[in-house]
2 protein chains.
Amino acid sequence: MMELTRKGEYAIRGIVFLASRPPEQVCLLSDIAAAVDVPPTFLAKIFQQFSKIGLVKSYRGTGGGFVLGRTPDRITLLEVVEAVEGPITPNRCVIKEGECPRDTSCNVHPVWVDVQQQVRDILNSVTLQKLAQR
Amino acid sequence: MMELTRKGEYAIRGIVFLASRPPEQVCLLSDIAAAVDVPPTFLAKIFQQFSKIGLVKSYRGTGGGFVLGRTPDRITLLEVVEAVEGPITPNRCVIKEGECPRDTSCNVHPVWVDVQQQVRDILNSVTLQKLAQR
DNA sequence: ACTAAAAAGACATTATAAGTCTTTTTTATG
DNA sequence: CATAAAAAAGACTTATAATGTCTTTTTAGT
């Protein structure tokens, strides 16, 4: 359980690759896809999501492609993962206060809150810079 | 992401309810299902899994039903969750050493190992006794 | 104008989750 | 021993989400 989807795995591979390139070099999606062994059309969707929230910058047309939206030391694994997988929610009940009817009486709830917190903390402490270094 | 399935949620509800009952009281599956608001046929499957690994003991025939397989202070949330959801694996690559080809070169791998460890630790520290108390 | 690229949207396929139904086995009891 | 009550087992269905493709549109450089 608690498994990252392939989309998430691909997303990480793709953006880590981008982070490992020289800073201002514009990369073709097709090149990234080939390098990290991901279906190009699928990776395109992923990078569109990245682009919308500024994790990457995209340039269209001839000579276009992608570069990181920020320096790799200022992008965390948490951001990358949540960008494509949505928020870390070990259980539905942690999404919003008072969501589940069992609510106050439920002793399990705080456990999920704890899990969520820990996982977020770990992923948030890892930057693309760290992941891109060899 | 990292979300418990409904099956997992049902599993917890069911066995926590059982843990909240007087120790030697045999409970009907139908009663448990009604109490925790889960489709009885679905809960039956879940309790069959519990039974196989000894988390609960089942009695068939007239007067049959379920009781906990051990005292509630010796059953952890981790066991319950893994019983129905399988092992906690934030990513495929943590399942077995040398599984993924990127392996040694992959800087992300240790992060998943860390996540797995932390989540398991949290769930393992919570007993049914704690969850069943009001 | 033409070409190269990403963006957008619709679509197709596959896998997993969620749930049901029927039959079989076990066991207590009249 | 016959019956009824219960769980076990297996086959099946349906719904939802993951995974991926294809086509068209927009944008930008030459």
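Lettering of chains follows the sequences in order, A, B, ..., and the numbering in each one begins at 1.
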Nucleotide C/dA6, atom C1' - distance to CG of A/Asp31 in whole Å: 14 Å
Residues A/Arg120, A/Glu82: salt bridge by 4.0 Å N-O rule: yes
Distance-only polar pair, side chains of B/Asn124 and B/Thr76, donor-acceptor under 3.5 Å: yes
Distance test, side-chain N/O of A/Ser30 to OP1/OP2 of C/dA5, below 4.0 Å: no
Heavy-atom pair with the smallest gap, counting every atom of A/Gly14 and A/Ile32: O-CG2, 3.8 Å
Phosphate OP1/OP2 of D/dT3 contacted by B/Thr62 side-chain N/O (<4.0 Å): no
Shortest non-hydrogen contact between B/Asn107 and A/Lys130, atoms and distance: ND2-O, 3.5 Å
Touch class at under 4.0 angstrom, heavy-atom based, for A/Tyr59 against every strand present: sugar-phosphate
Closest to side chain of B/Leu29, choosing from D/dA7, D/dT19, D/dA5: D/dA7
base_contact_polar (C/dG9 base, A/Lys45 side chain, donor-acceptor, <3.5 Å): yes
Short side-chain N/O contact to C/dA18 OP1/OP2 from B/Thr5, under 4.0 Å: yes
Of the listed nucleotides D/dT19, C/dA7, D/dA7, the one nearest the side chain of A/Ser58: C/dA7
N or O in side chain of A/Thr41 less than 4.0 angstrom from D/dT21 OP1/OP2: yes
Earlier contact from the 5' end, DNA chain D, for A/Arg60 and A/Phe42: A/Phe42
d(CE, B/Met2; P, D/dA18) in whole Å: 14 Å
B/Glu85 bridged to B/Lys7 by N-O distance under 4.0 Å: no
Separation of C/dA17 C1' from B/Arg6 CZ (nearest whole Å): 8 Å
Integer-rounded Å distance: D/dT19 P and A/Glu9 CD: 11 Å
Length of the CD-P vector between A/Gln49 and D/dT19, whole Å: 13 Å
Touch class at under 4.0 angstrom, heavy-atom based, for A/Phe47 against every strand present: nothing
Salt bridge B/Arg70-B/Glu79, side-chain N to carboxylate O under 4.0 Å: yes
Touch class at under 4.0 angstrom, heavy-atom based, for B/Phe50 against every strand present: nothing
Rounded distance in Å - CG (A/Leu43) to P (D/dT21): 12 Å
Protein-nucleotide distance (B/Ile32, atom CD1; D/dA6, atom P), rounded to Å: 13 Å
Nearest-neighbour nucleotide for the A/Pro39 side chain, D/dA7, C/dA18, D/dT21 considered: D/dT21
Along DNA chain C (nearest heavy atom to each residue), the more 5'-positioned of A/Gly61 and A/Phe66: A/Gly61
Sugar-phosphate, base or nothing in reach of A/Lys57, heavy atoms under 4.0 Å: nothing
Integer-rounded Å distance: D/dT25 P and A/Gln48 CD: 16 Å
